[in-house]
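To keep things clear, I will list the structure first and then write my remarks on it.
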Amino acid sequence: MTPLLSAHGITVRYGSLAALDGVDLRIEPGQRHALIGPNGAGKTTLLDVLAGSTRAGDGRVLLAGRDVTRLGPAARSRRGIGRIHQRPAVWSTLTVRENVLVAALPRAVRPGRWHPSARRRAAERTADALLARVGLEEIAALPAGQLAHGQRRQVEIAVGLAGRPRLLLLDEPAAGLSAVEVAWLGEFLRTLPRAVGVLLVEHRLDLVYALCDTVTVLRDGRTLATGSPAHIRASGPVREAYAEGVA
Ligand SMILES: Nc1ncnc2c1ncn2[C@@H]1O[C@H](COP(=O)(O)OP(=O)(O)O)[C@@H](O)[C@H]1O
Ligand SMILES: [Mg+2]
């Protein structure tokens, strides 16, 4: 089967530091894939390279078999790569609903539905359905800047899904969330349709093991291991890398 995403030999250098050094990654359609590793391992850099916001010095990225290496973030987003950032990135002066609407508009165009008002209505339906799904209906009219961290995280997830991604990249979505919010997040990600592949960077290993079928461990810009959660748990080098410092 053609992988949903494959990355080959990804290398990113900052001066003499190789943030990523020949990393390969393969995500199958519908896969829940976790990316773990100590701070500074290169996890965020890899997500940046996959999303197109950082250009790798070397390597290729293929989405569903098509080479997207030279495409920027907007073009990759149109082709189905969605991104949830380490710090929730929302438009603070727009309302919660407007944030989701802005993200839904570019994907609300269908053949024969080109008219701006029809497009807007389609985007509004998408936005309202997503707000209901993430449980933000009641605060949809509030400026996003007024929300607490956990609610911003929910907005960003709705924004990420509004672009109808085939692959959702999440960078430490549980960071800063309360126990109740982490439980919500885990359940939400678990019940995402399988049509959406997931690449989850997360320090909370309970969440990783509960959600993901495949785990890749990065350390010092290199892949240390890839396998099932059971395989990764049993792997000596992985335990060592973790003992050296996971947050
Ligand atoms: N823009 C940058 N300039 C210089 N060094 C960077 C930059 N971005 C990341 N790095 C370095 O690259 C390495 C990997 O960083 P990062 O991908 O953020 O790691 P992680 O997300 O796994 O904690 C770190 O050593 C970090 O300091
Ligand atoms: Mg990071």
Side-chain angles (χ1 to χ4, degrees), residues 5-27 32-61 68-69 71-74 76-77 81-90 149-150 152-153 156-157 159-160 165 167-177 181-182 185-186 189 197-209 211-212 214-227 229 232-233 235 237-247:
L5 178 122
S6 61
H8 307 271
I10 302 295
T11 298
V12 172
R13 288 183 203 287
Y14 293 111
S16 61
L17 171 86
L20 295 173
D21 189 5
V23 169
D24 297 333
L25 184 73
R26 181 182 167 110
I27 302 174
R32 306 280 185 253
H33 198 121
L35 185 62
I36 65 173
N39 284 323
K43 305 179 298 295
T44 297
T45 305
L46 185 55
L47 292 198
D48 288 339
V49 167
L50 300 181
S53 49
T54 288
R55 196 56 67 90
D58 210 353
R60 291 167 68 215
V61 179
V68 298
T69 313
L71 299 183
R76 290 197 205 185
S77 159
I81 298 184
R83 172 86 192 264
I84 310 290
H85 292 85
Q86 203 160 347
R87 293 208 178 148
V90 297
H149 175 79
R152 282 189 203 210
R153 181 62 81 204
E156 223 208 352
I157 289 172
V159 165
L167 173 65
L168 193 59
L169 312 173
L170 297 119
D171 201 351
E172 298 189 31
L177 298 189
E181 289 167 338
V182 172
L185 177 73
L189 294 179
V198 168
L199 180 59
L200 173 69
V201 171
E202 187 49 66
H203 282 315
R204 296 278 308 249
L205 293 186
D206 52 343
L207 204 57
V208 164
Y209 291 142
L211 281 172
C212 295
T214 311
V215 181
T216 291
V217 186
L218 274 189
R219 182 192 182 186
D220 298 335
R222 291 178 185 227
T223 308
L224 207 60
T226 293
I232 295 297
R233 272 176 153 151
S235 152
V238 173
R239 287 209 303 268
E240 271 169 39
Y242 258 67
E244 283 171 22
V246 222

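Along the sequence shown, residues carry numbers from 1. Indexing begins at 1, ligand by ligand and atom by atom, following the structure's order.
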- Rounded to the nearest 0.5 Å, what separation is found between the CG atom of Leu25 and the CG atom of Leu5? 6.5 Å

- Top protein contact for atom 1 (N) of ligand 1, by heavy-atom distance: Tyr14 CE2, 3.6 Å

- Message: Are any of the N/O atoms on Gly42, whether in the backbone or the side chain, positioned under 3.5 angstrom from an N/O atom of ligand 1?
- Response: yes

- Task: Could you tell me which non-hydrogen atom of Leu211 sits nearest to which non-hydrogen atom of Gly186, and how far apart they are?
- Result: CD2-O, 3.4 Å

- Message: If we ignore hydrogens and angles and just use 3.5 Å, is the side chain of Arg76 paired with the main-chain N or O of Leu50 as donor and acceptor?
- Response: yes

- Item | Contact (N/O only, under 3.5 Å) between Ala19 and ligand 1 | no

- Query: Would you say atom 27 (O) of ligand 1 has a protein heavy atom nearer than 4.0 Å?
  - Reply: no

- Message: To the nearest 0.5 Å, what is the distance between CD1 on Ile10 and CG on Asp48?
- Response: 12.0 Å

- Kindly say whether Thr226 contributes a backbone atom to a donor-acceptor pair with the side chain of Thr216 at under 3.5 angstrom? no

- Could you pull out the closest heavy-atom pair between His33 and Val215, with the gap in Å? NE2-C, 4.3 Å

- What protein heavy atom sits nearest atom 18 (O) of ligand 1, and how far off is it? Thr44 CB, 3.8 Å

- Query: Quick one: nearest non-hydrogen protein atom to atom 23 (O) of ligand 1, plus distance?
  - Reply: Gly40 N, 2.8 Å

- Item | Residue among Val201, Leu200, Val217 satisfying side-chain contact (heavy atoms from CB on, under 4.5 Å) with Ile36 | Val217

- When distances are taken from atom 17 (O) of ligand 1, the protein heavy atom at minimum range is Thr45 OG1, 2.5 Å

- Message: What's the separation between atom OG1 in Thr69 and atom CZ in Arg55, rounded to the nearest 0.5 Å?
- Response: 8.5 Å

- Task: Measure the distance from atom 25 (O) of ligand 1 to every protein heavy atom, then report the residue, atom name and distance (to 0.1 Å) of the closest one.
- Result: Leu17 CD2, 3.6 Å

- Message: If you measure every N or O of Asn39 against every N or O of ligand 1, does any of those distances drop under 3.5 Å?
- Response: no

- Message: At less than 2.8 Å, would any N/O/S atom of Asn39, backbone or side chain, sit next to the Mg ion (ligand 2)?
- Response: no

- Query: Counting heavy atoms only, which part of Leu218 comes closer than 4.0 Å to ligand 1: side chain, backbone, both or neither?
  - Reply: neither

